[in-house]
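All figures in this text were calculated on a predicted structure; none of them were measured in a lab. Start at 1 and go down the list; that is how both ligands and their atoms are numbered.
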Amino acid sequence: MEFLGSDALRGRGSGTADELVAATYVASQLRAYGIAPAGDKGGYLQRATLQQPKFTGPPQLTFTQPGTGGEKSSWTCGKEFAVLYLAQTHFSGKLHVINADEDDPQAAGAVVLILGNDRKRQRAKASSLGDKGAVAAIIATSAERAAQFRQRAKELPTLPVRIEGEDASGLGSDFNLLEASPEAATILKGLPENTTLTFDGPSASEKKYTWNALGILRGSDPVLQQTAVLLSAHLDHLGIGQPVNGDDIYNGADDDASGTTAVLELARALGSGPKPRRTVIFALFGSEETGGQGSTFFLQHPPVPLKQIAVNLEFEMLGRADPAVKSDTVWLTGWERSNLGPTLAARGAKLVADPHPKQNFFARSDNYVLAKKGVVAQTVSSYGLHSDYHQPSDDVAHIDFRHMDAAIASLLGPVRWLVNSSFTPQWNAGGKP
Ligand SMILES: [Zn+2]
């Protein structure tokens, strides 16, 4: 925990050499604990090739002005519009205009201009349109926000990293969110419905890598060894970033050196006793923070066939106690979705339902990538919404080791039971994402 969260690892930035050092260290620990390698070419590391697209110039938004005999208008990012979030370098869709407090239209395939003065409402509307299959939303900026708009518009928009050869990443959104200046919004509002809007920009792509550290303990029972328990966490964090109070290393001690440490401790305990009857896979993923590329690649190249993975427990942010639950207690995301949590709690785990359902944590970590494939996959955590989240101050000095020790200790017995049992958790009705 001290090494992973130390300044020496410079925040284990996703897809950086620092992430590789973290993965290499984790691999050495797995070897010391008697866990066999499950990565590439007989080693512990699994490397995924990523592509990082970047704009080389400002993107444009093109459409046909009405009453001009088909004359095209091209707006430039940074002038008439700005980017809030972008999933693609190129998209196109039919214009649809609504008010933020109007009911959702049939948004599939559309680029929706959202009018209104309440920005929170406009953003909420945008995200619900994204869920309904809209290609993009454009928030009309109010005159009062014009200065902030111009500030944001100065920088070229960033693009999400992708696994090479893939269009979408596991946790990332495929939705695009733009913001139009007050004047541009007025023009868009005046365009006929179904005008085609096309967003495009000059871009280049840079190749990079991310690393998972994978270990396996083959089950001792000839039948049960065909089913696997996957214990996972993510070893990457945000790396070096914007300084806060003179500190630019985002150590990610709680997020997620603590979860990585929990998986290593379970590896140590399970590797030292009699062999579990079931197969156990220990997976420490890279590039969770940039959208789950490590876990997505793992799913495409699993060390055992995916259908043999009976359950996944992901460990996220166990380094501090959550005041919303009893002391030494940890919680499970998506508690009501399956019979996994109650079963482990009945075996002595100090495990309760996630007390922050509004945060939608179930869908915010690597477990979700697996859950979408049907595996009962849930995350154990005690994150109490502390203010050091994703800050340089999420460092080892802020870790509550007494809590962390008690929390992991309470899970050890139930996990030991799980890896020796034939219990395969099931989704409850409506629980499968
Ligand atoms: Zn995390």
Side-chain angles (χ1 to χ4, degrees), residues 1 3-6 9-16 18-19 22-23 25-26 160-161 169-173 210-213 230-241 249-266 282-299 312-322 330-334 354-356 358-372 377-396 398-400 403-404 407-408 411:
M1 178 75 186
F3 180 62
L4 290 168
S6 73
L9 286 196
R10 297 162 30 103
R12 310 181 305 284
S14 315
T16 67
D18 301 319
E19 183 194 81
Y25 167 73
V26 164
V161 69
S169 76
L171 295 169
S173 158
T210 191
W211 293 269
N212 298 326
L230 171 64
L231 304 175
S232 62
H234 68 93
L235 52 78
D236 68 309
H237 191 58
L238 304 175
I240 306 282
I249 300 177
Y250 288 67
N251 300 82
D254 194 17
D255 185 11
D256 189 24
S258 69
T260 301
T261 302
V263 172
L264 286 176
E265 176 58 7
L266 292 169
F282 304 92
L284 291 310
F285 299 124
S287 292
E288 188 267 358
E289 299 285 7
T290 48
Q293 289 82 20
S295 56
T296 302
F297 189 81
F298 168 87
L299 279 188
N312 168 223
L313 277 176
E314 169 94 1
F315 297 85
E316 270 267 22
M317 306 185 72
L318 297 164
R320 295 162 68 156
D322 184 351
V330 293
W331 41 259
L332 189 73
T333 62
D354 171 4
H356 315 286
K358 277 197 184 135
Q359 296 282 335
N360 196 23
F361 286 130
F362 176 74
R364 279 172 57 183
S365 188
D366 288 314
N367 70 288
Y368 189 58
V369 178
L370 279 114
K372 282 197 293 187
Q378 291 168 266
T379 295
V380 177
S381 179
S382 59
Y383 170 47
L385 313 180
H386 58 72
S387 58
D388 299 312
Y389 176 75
H390 282 200
Q391 296 297 314
S393 50
D394 176 11
D395 54 18
V396 175
H398 288 90
I399 293 299
D400 178 350
H403 159 76
M404 198 172 144
I408 298 171
L411 294 167

Positive for salt bridge (Lys or Arg N to Asp or Glu O under 4.0 Å) with Arg320, one of Asp255, Asp388, Asp400: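 Among Asp255, Asp388, Asp400, the one meeting salt bridge (Lys or Arg N to Asp or Glu O under 4.0 Å) with Arg320 is Asp388.
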Please tell me if the side chains of [X] and [Y] come closer than 4.5 Å, counting only heavy atoms from C-beta onward.
X	Y	value
Asp322	His356	yes
Phe298	Val369	no
Leu264	Met1	no

Look at the rings of Trp331 and Phe361 and say which category their plane angle falls in: under 30° parallel, 30 to 60° tilted, over 60° perpendicular. parallel
Take Thr210 and Gln293 through the side chain to side chain donor-acceptor pair (under 3.5 Å) test and state the conclusion after the steps. CA-CA 8 Å; Thr210 191; Gln293 289 82 20; over 6 Å; no
Protein-derived N, O or S atoms lying under 2.8 Å from the Zn ion (ligand 1), waters excluded: 4
